[in-house]
Amino acid sequence: MSIDSAHLEARRELVKRLAESEAPRHYWHLGDEDGRAWLFESVEGDGEHWAVRQVEVGADGADGAGRAARRYWWRHLQDGQGFLSDQPLEIWELTEITPEAFEAVWAAAG
């Protein structure tokens, strides 16, 4: 196993452990001036908010490859277009949303 694949596997296990934990959940939205949006489900850990699921939606509702959006989580940490945030979320830059709003976008992107 290469260093990169070992690092990816260790990260996958960490994200899975956070995602399956009983830690409090929060849901967030961030948009930019071009109409793109990012939605996150975060889990609190060590005083930080860590993304365990993330949806990215392009300005036209597509991701540039014809998909409605891209989803990242422990089973799909990264691809050629992006990756699940690997840093704590800077929540002061985000708007908190309801779990139902997040779930609706997550399901639609599936």
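When reading the values below, keep in mind they use all heavy atoms of this one structure, side chains included, and skip hydrogens, waters and symmetry mates.
By the rule that hydrophobic residues join a cluster once side-chain heavy atoms approach within less than 4.5 Å of another member, Val15 and Leu8 end up as members of one cluster.
Counting heavy atoms from C-beta on, the side chains of Val43 and Pro24 never come closer than 4.5 Å. Considering only heavy atoms from C-beta on, Gln81 comes within 4.5 Å of Tyr72 through its side chain. Inter-residue side-chain proximity for Arg11 and Leu77 is flagged as met; some heavy-atom pair is nearer than 4.5 Å. No side-chain heavy atom of His7 sits less than 4.5 Å from a side-chain heavy atom of Glu9. In this structure the side chain of Trp106 reaches within 4.5 angstrom of the side chain of Arg71, judged on heavy atoms.
The line from CD of Glu56 to CZ of Phe40 is 7.5 Å long, rounded to the nearest 0.5 Å.
Residues that satisfy the ring-ring contact (aromatic ring centres under 6.0 Å, His included) test with Tyr27, not counting sequence neighbours, are Phe102. Every residue meeting the salt bridge (Lys or Arg N to Asp or Glu O under 4.0 Å) condition with Arg53, not counting sequence neighbours, appears here in chain and number order: Glu41, Glu103. Among residues two or more places apart in sequence or in another chain, the side-chain contact (heavy atoms from CB on, under 4.5 Å) test is passed with Asp32 by Asp34, Arg36, Trp38. For Ala104, there are no side-chain contact (heavy atoms from CB on, under 4.5 Å) partners two or more places apart in sequence or in a different chain. Listed by chain and number, the residues in a ring-ring contact (aromatic ring centres under 6.0 Å, His included) with Trp74 amount to none (sequence neighbours excluded).
A salt bridge is absent between Lys16 and Glu13: the closest approach of a Lys/Arg side-chain nitrogen to an acidic carboxylate oxygen does not fall below 4.0 angstrom.
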Identify all side-chain donor-acceptor contacts of residues 44-52 below 3.5 Å with residues at least two apart in sequence or on another chain.
{"residue": "Glu44", "atom": "OE2", "partner": "His26", "partner atom": "NE2", "Å": "2.7"}
{"residue": "His49", "atom": "ND1", "partner": "Ser42", "partner atom": "OG", "Å": "3.1"}
{"residue": "Trp50", "atom": "NE1", "partner": "Gly45", "partner atom": "O", "Å": "3.3"}

Only distances under 3.5 Å count here; give the side-chain donor-acceptor pairs of residues 82-95 to other protein atoms, sequence neighbours excluded, each with its distance to 0.1 Å.
{"residue": "Ser85", "atom": "OG", "partner": "Gln87", "partner atom": "O", "Å": "3.2"}

